[in-house]
Amino acid sequence: MSQQQQTGPLRHFLQFRDFTKEEILYLFDRAKLIKDKFKRYEPHRPLHDRNLAMVFEKASTRTRVSFEAGMYQMGGSVIHLTTGDSQLGRSEPIEDTARVISRMVDLVMIRTFEQTRIERFAAHSRVPVINGLTNEFHPCQILADIFTFIEHQGPIQGKTVAWIGDANNMAYTWLQAAEILGFTLHVSAPKGYQLEAARIGQPSAQVLRQFDDPIEACRGAHLVTTDVWTSMGYEDENEARRKAFANWCVDAEMMAAADPAALFMHCLPAHRGEEVSADVIDGPQSVVWDEAENRMHVQKALMEFLLLGHL
């Protein structure tokens, strides 16, 4: 067993619904406190002598920097692993990797492909495992997005979020968040790229509404958000997606249909002129840089919670 002292049952954060509404709201409260301390240059080191292993099977900029900087700021240390410098790239079963790594560290973050891969790792881990991104879900990003919304607009409950574009890991995580936190998700994607009925079940209209017209999806929304048209791993579909998504560029017309105080978000990296126009992402309603910074603050709260529980 690692040096972690468990304060309760082992918990993982593999998808947004792994936590209750109360736990998510607690994370937002802690993230606010942690961010306030950070801005005042006040040390916050509850994870002194704790070790985080970061496993990257998909490349990353924001995920690596936010977790690594956050762990160091909380007094811990970080081990960075990729498939190129570990046995993961040499066909070692991921179950064996989990058994070994989790005896040496206190916490593991994984950024990988199929959700089943991180679930297999977690099933054989002695320490908490965090999903840094999979093909199916991106829960840390949605934590940051909602925390950013709360900072600017207050509680998200009862509000409307418009997702414009690919029904990808972000869209499915937004749907889980809507179900848990009580807001409405509008989704508009081209035919062939819409949410899969088998994955979403039958959410009520209070949770999910789907639109063929992206402008109608934005109408009255308090937050308009999107992502690149071609996610990592789907590059061979790039040209077909560019054609299919041509009318799904978030532009001034879409933002004009939204609530006058609506925010714009993008998890980055962004391609101006494709999924979002430059005047929107660089405009006054855009909070993408706050959103990017807040990955670090909510992840610090998440790591603290998984290791120390409620404080």
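Heavy-atom basis, side chains included; hydrogens, waters and symmetry copies ignored.
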Please assess Val127 against His12 for the test side-chain contact (heavy atoms from CB on, under 4.5 Å), listing each intermediate value before the final yes or no.
-> CA-CA 8 Å; Val127 300; His12 305 296; over 6 Å; no
Which of these passes side chain to side chain contact (heavy atoms under 4.5 Å, CB included) with Pro203: Leu208, Leu195, Leu185?
-> Leu208
Indicate if Met255 and Leu263 have the same hydrophobic cluster label, given that clusters are the connected sets of ILVMFWY residues with side-chain heavy-atom separations under 4.5 angstrom.
-> no
Assess whether side-chain contact (heavy atoms from CB on, under 4.5 Å) is satisfied between Leu268 and Ile281, documenting all intermediate values.
-> CA-CA 10 Å; Leu268 304 177; Ile281 193 170; 4.3 Å; yes
Expected output: side-chain Asp106 to main-chain Asn51 donor-acceptor under 3.5 Å | yes
Are the aromatic rings of Phe137 and Phe16 close, with centres under 6.0 Å apart?
-> no
With side chain to side chain donor-acceptor pair (under 3.5 Å) as the test, would you mind laying out the steps for Thr148 and Glu291 before giving the verdict?
-> CA-CA 6 Å; Thr148 305; Glu291 176 191 7; over 6 Å; no
Side-chain donor or acceptor of Ser102 paired with backbone N/O of Ser125 under 3.5 Å | no
Taking all non-hydrogen atoms of both residues into account, name the closest pair between Ala122 and Leu14 and its distance.
-> CB-CD1, 3.8 Å
Taking atom types as modelled, find out whether Asn168 and Asp227 have a side-chain donor-acceptor pair closer than 3.5 angstrom.
-> yes
If every non-hydrogen atom of Pro190 is compared with every non-hydrogen atom of Ala244, which pair is closest and at what distance?
-> CG-O, 3.4 Å
Flag the pair Leu81 / Phe56 as yes when at least one side-chain heavy-atom distance between them is below 4.5 Å, and no otherwise.
-> no
With a cut-off of 6.0 Å (strictly less than), are more than 12 heavy atoms of other residues, nucleotides or ligands near CZ of Arg99?
-> yes
Examine the side chains of Gln15 and Gln176 and answer whether a donor and an acceptor come within less than 3.5 Å of each other.
-> yes
Hey, are the side chains of His186 and Trp163 touching, using non-hydrogen atoms and a 4.5 Å cut-off?
-> no
For Glu23 and Thr20, indicate whether the former's side chain and the latter's backbone hold a donor-acceptor pair under 3.5 Å.
-> yes
Dump the intermediate steps for ring-ring contact (aromatic ring centres under 6.0 Å, His included) on Tyr193 and Phe245, then the final yes or no.
-> CA-CA 9 Å; Tyr193 299 94; Phe245 284 85; 4.9 Å; yes
Phe147 and His297 aromatic centres sub-6.0 Å = no
Quick one: pull up OH in Tyr72 and CG in Leu52 and give me the separation to the nearest 0.5 Å.
-> 9.0 Å
Step through it carefully: locate the ring centre of Phe13, locate the ring centre of Phe19, and say whether they are under 6.0 Å apart.
-> yes
Donor + acceptor pair across side chains of His152, Asp290 (<3.5 Å) = yes
Would you say the side chains of Ser188 and Trp248 form a donor-acceptor pair under 3.5 Å?
-> yes
More than 12 heavy atoms of other groups within 6.0 Å of Glu253 CD = no
May I ask whether Tyr26 and Ile150 are part of the same hydrophobic cluster, defined by side-chain heavy atoms of I, L, V, M, F, W, Y residues being less than 4.5 angstrom apart, directly or through others?
-> yes
Indicate whether the side chain of Gln73 and that of Lys300 have a donor and an acceptor atom separated by less than 3.5 Å.
-> yes
Do Gln115 and Thr134 have a side chain donor and acceptor closer than 3.5 Å?
-> yes
Non-hydrogen side-chain atoms of Leu302 and Leu27 separated by less than 4.5 Å | yes
Charged N to carboxylate O below 4.0 Å: is that the case for Asp282 and Arg272?
-> yes
Phe67 to Met303 - nearest heavy-atom pair and separation = CD2-SD, 3.8 Å
Ser66 (side chain) donor-acceptor with Met296 (main chain) under 3.5 angstrom | no
Give a yes or no on whether Gln202 atom CD has more than 12 heavy-atom contacts from other residues, nucleotides or ligands under 6.0 Å away.
-> no
Donor-acceptor under 3.5 Å (Gln153 side chain, Ala261 main chain) = yes
Value for CG (Leu133) from CZ (Arg62), rounded to nearest 0.5 Å, stands at 11.5 Å
Roughly how far, to the nearest 0.5 Å, is the CG atom of Leu311 from the CG atom of Asp29?
-> 12.5 Å
Gln210 side, atom CD; Gln194 side, atom CD - distance, nearest 0.5 Å = 6.5 Å
Show the numbers, then the answer: is there a salt bridge (Lys or Arg N to Asp or Glu O under 4.0 Å) between Glu216 and Arg219?
-> CA-CA 5 Å; Glu216 288 305 309; Arg219 200 165 302 284; 2.9 Å; yes
Test item: Met254 and Val224 side chains (from C-beta on) under 4.5 Å apart, heavy atoms = no
Inter-residue atom distance Leu223.CG - Ile156.CD1, 0.5 Å rounding = 6.5 Å
Polar contact flag, side-chain donor to acceptor under 3.5 angstrom, Arg209-Thr184 | no
So, does Asn169 use its side chain to make a donor-acceptor pair with the main chain of Glu136 at under 3.5 Å?
-> no
Looking only at heavy atoms, what is the nearest atom pair of Ala162 and Ala217, with distance?
-> CB-O, 3.5 Å
Between His266 and Glu275, a side-chain donor and acceptor under 3.5 Å | yes
Judged by modelled atom types alone, do Glu304 and His44 share a side-chain donor-acceptor pair under 3.5 Å?
-> yes
Are side-chain heavy atoms of Thr112 and Phe121 found at a separation under 4.5 Å?
-> no
Are the side chains of Ile130 and Leu306 in touch, meaning some heavy atoms are under 4.5 Å apart?
-> yes
Show your reasoning for whether side-chain contact (heavy atoms from CB on, under 4.5 Å) applies to Met54 and Ile79.
-> CA-CA 6 Å; Met54 302 192 302; Ile79 300 167; over 6 Å; no
Using modelled atom types only, decide if a donor and an acceptor are shared between the side chain of Gln285 and the backbone of Phe264 within a distance under 3.5 Å.
-> no
Looking only at heavy atoms, what is the nearest atom pair of Ser277 and Asp251, with distance?
-> OG-CA, 3.5 Å
Where is the tightest heavy-atom contact between Gly132 and Arg111, given as atom of each residue plus distance?
-> O-NH1, 3.4 Å
Heavy atoms, side chains only, cut-off 4.5 Å: are Arg11 and Asp18 in contact?
-> no
According to the interplanar angle, ranging from 0 to 90°, do the rings of His310 and Phe305 count as parallel (below 30°), tilted (30 to 60°) or perpendicular (above 60°)?
-> perpendicular
Any Val228 side-chain heavy atom under 4.5 Å of Glu274 side chain | no
Is the closest basic N to carboxylate O distance between Arg117 and Glu57 below 4.0 Å?
-> yes
Look at the side-chain heavy atoms of Ile, Leu, Val, Met, Phe, Trp and Tyr, link any pair under 4.5 Å apart, and say whether Ile215 and Val161 land in one connected group.
-> no
Enclosure of Lys32 NZ (heavy-atom neighbours >12, cutoff 6.0 Å) = no
Can you tell me how far the CH2 atom of Trp174 sits from the CG atom of Leu181, to the nearest 0.5 Å?
-> 9.5 Å
Donor-acceptor pair, Arg241 side chain versus Trp229 backbone, under 3.5 Å?
-> yes
